[in-house]
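Below is one structure; the comments refer to it alone.
Naming convention: chains lettered A, B, ... in sequence-line order (proteins, then strands); numbering from 1 in each chain. Just so we're clear, the structure is a prediction, and the values are computed from it rather than from any experiment.
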There are 2 protein chains.
Amino acid sequence: MPGTADLTAEIAPRRPRVPAAERERMILDAAVTFFAEQGPEGQTRLLARAIGIPHSVLYRHFPSKEDLFAAVCEEMFRRRWQPEWEALPRAPGVSLEERLLRFYRQAGQVILAPEFLRLALFVGLADHPSGAVLRALMRQHVVAPLAAALGTGPAAEEAAWNLHGRVFYAGMRMAVWRGGAPRDPAQAVEAAIRGHVAGALAALPA
Amino acid sequence: MPGTADLTAEIAPRRPRVPAAERERMILDAAVTFFAEQGPEGQTRLLARAIGIPHSVLYRHFPSKEDLFAAVCEEMFRRRWQPEWEALPRAPGVSLEERLLRFYRQAGQVILAPEFLRLALFVGLADHPSGAVLRALMRQHVVAPLAAALGTGPAAEEAAWNLHGRVFYAGMRMAVWRGGAPRDPAQAVEAAIRGHVAGALAALPA
DNA sequence: GCCGTTTGTGACCATTTGGTCAACAGTTTG
DNA sequence: CAAACTGTTGACCAAATGGTCACAAACGGC
């Protein structure tokens with residue numbers, strides 16, 4: 001019966017072996033998009049199916065779902081950030097508007113990506129431990145540099161939060177309420193920045 | 001043994017009967033704060049415990065958890081809205097800033113309440129059917145009146161989205177990332193409006 | 001080819017969770 | 001008082017779900 005062996009092979013096509021480090025990267029990458037989409041409640045079996053492995057493999061590489069989710073947050077809220085971006089808002093010899101645009105063009109690749117925004121919201125809503133990391137990133141590495149570019153004192157920090165809030169919301173309209181934002185992401189963010197700078201300059205003649 | 005009867009009563013203290021309409025209100029009110037806190041995944045047993053009833057009572061009044069959640073969204077995204085608010089941004093004889101402040105002081109009681117913001121985010125993130133209702137509320141009853149007050153054409157609508165985004169974000173910082181916003185809610189929103197108007201007036205000399 | 005190590009696999013487990021139900025107990029009505 | 005109705009209760013069910021494990025297959029050094 002030559003057909004029998006083939007049939008068995010088709011039913012259980014043994015997946016090729018992959019070294020641990022590489023598999024961990026595969027899992028982590030898939031988990032980023034998966035948890036960003038489904039939230040922390042996303043089922044491990046679905047994630048595994050998206051990768052094409054039985055879900056028990058996940059537990060060979062990550063002790064628990066919590067740990068995997070924490071690793072995803074670590075990746076998104078810490079590892080992807082580039083400290084040199086923080087100098088952009090104060091680059092010498094460039095107009096304020098242009099400096100802010102450059103900052104968000106770079107940093108926005110990370111902090112305005114739909115995955116980032118959605119994950120940030122999930123973490124915030126669930127009051128997840130990783131929220132502390134997120135808040136630190138926002139305050140120290142985003143808002144603080146912006147504030148330094150906008151002036152000094154509490155007024156500048158206020159203005160920085162406002163700017164970032166406006167940009168963040170522009171991103172959110174696309175990452176969360178998808179049905180309601182037919183615009184081009186980059187363009188919307190750019191418009192938000194230009195509008196805000198025009199307003200801020202008028203309001204804060206410092 | 002006089003104690004026995006008392007002990008039984010303490011173990012199974014029969015809850016007083018409540019007419020159906022009243023019980024439904026109790027459940028709906030509790031469900032609003034409960035789902036706003038826990039999201040659509042909140043367990044019916046926990047909700048029931050918060051009310052002080054066995055969870056089977058929920059299913060006598062609502063066919064399923066989905067229906068209950070939909071009822072909560074209906075309550076939040078439709079029933080609580082007062083159409084007369086929509087006239088406030090164009091009240092005659094009042095400065096623009098004051099008109100906007102009045103609008104948000106009224107409408108903000110609903111659409112900037114932490115429960116509303118959190119529910120809106122949960123619905124958006126989960127791509128829940130009620131998201132359509134939410135988007136309609138935002139576009140037709142919030143942004144459209146604002147835009148009408150700010151001018152005409154796409155620029156006014158753009159400005160309206162920006163204003164609302166800024167205010168929304170101010171509310172969100174308190175309703176979602178709780179650790180990061182030590183300010184007084186009403187004051188933060190007011191500051192956001194004043195700042196935005198100052199900026200918008202400077203940028204849009206229409 | 002042999003053997004220890006690493007990786008893939010599916011069955012299995014305990015708990016959780018949305019939902020159901022039959023029995024029981026106040027209320028109302030005749 | 002009895003019957004009909006309405007509301008309450010806890011046990012129960014099936015499916016889902018995070019997590020475990022024993023075993024088989026591939027790999028690598030000898």
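- Here the P atom of nucleotide D:dT20 and the CG atom of A:Asp67 are 11 Å apart, to the nearest Å.
- Scanning for side chain to side chain contact (heavy atoms under 4.5 Å, CB included) contacts around A:Pro129 gives an empty result, with sequence neighbours left out.
- Counting any heavy atom pair closer than 4.0 Å across all strands shown, A:Arg45 reaches a base atom.
- Residues A:Ile51 and A:Val57 form no side-chain contact, since every pair of their non-hydrogen atoms from C-beta on lies 4.5 Å or further apart.
- At least one donor-acceptor pair closer than 3.5 Å links the side chain of A:Arg15 to the backbone N or O of A:Gly52.
- The separation between B:Ile53 atom CD1 and D:dG10 atom P is 12 Å, rounded to whole Å.
- We find that CD of A:Glu41 is positioned 11 Å from P of C:dG18, with the value rounded to whole Å.
- Residue B:Glu157 holds its CD atom at 11.5 Å from OG1 of B:Thr152, rounded to the nearest 0.5 Å.
- We find that CG of A:Leu47 is positioned 10 Å from P of D:dG18, with the value rounded to whole Å.
- Atoms CG and CZ, on A:Leu163 and B:Arg166 in that order, are 9.0 Å from each other to the nearest 0.5 Å.
- An OP1 or OP2 oxygen of D:dT9 is reached within less than 4.0 angstrom by no side-chain nitrogen or oxygen of B:Ser56.
- With distances taken from any side-chain atom of A:Val57 to the nucleotides C:dG8, C:dT7, C:dG19, the minimum falls on C:dG8.
- In this structure, A:Tyr59 atom OH and C:dC12 atom C1' are separated by 15 Å, rounded to whole Å.
- The residue B:Arg60 sits close to a base: some heavy atom pair falls under 4.0 Å.
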For residues 100-124 of chain B, which side-chain N or O atoms pair as donor and acceptor with protein atoms under 3.5 Å away, sequence neighbours left out?
residue: B:Arg102; atom: NE; partner: B:Glu98; partner atom: OE2; Å: 3.2
residue: B:Tyr104; atom: OH; partner: B:His164; partner atom: ND1; Å: 2.8
residue: B:Arg105; atom: NH2; partner: B:Glu98; partner atom: OE2; Å: 3.2
residue: B:Arg118; atom: NE; partner: B:Ala36; partner atom: O; Å: 2.8
residue: B:Arg118; atom: NH1; partner: B:Ala175; partner atom: O; Å: 3.0
residue: B:Arg118; atom: NH2; partner: A:Leu125; partner atom: O; Å: 2.8
residue: B:Arg118; atom: NH2; partner: B:Glu37; partner atom: O; Å: 2.9

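- Distance CD (B:Gln38) to P (C:dG18): 11 Å, rounded to an integer number of Å.
- Annotation for B:Arg25: atom CZ counts as buried by contact number, over 12 foreign heavy atoms lying within 6.0 Å.
- Closest contact between the side chain of B:Val18 and the listed nucleotides D:dT8, C:dC12, C:dG18 involves D:dT8.
- At whole-Å resolution of the value, CZ in B:Phe62 and P in D:dG7 are 14 Å apart.
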Using a cut-off of under 3.5 Å, enumerate the N/O to N/O pairs linking the protein to nucleotides 26-30 of chain D.
residue: D:dA26; atom: N3; partner: A:Arg17; partner atom: NH1; Å: 3.0

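- Per the geometry, CZ belonging to B:Phe69 stands 19 Å off C1' belonging to C:dG19, to the nearest Å.
- A donor and an acceptor atom never sit less than 3.5 Å apart when one is taken from the side chain of A:His55 and the other from the base of D:dG18.
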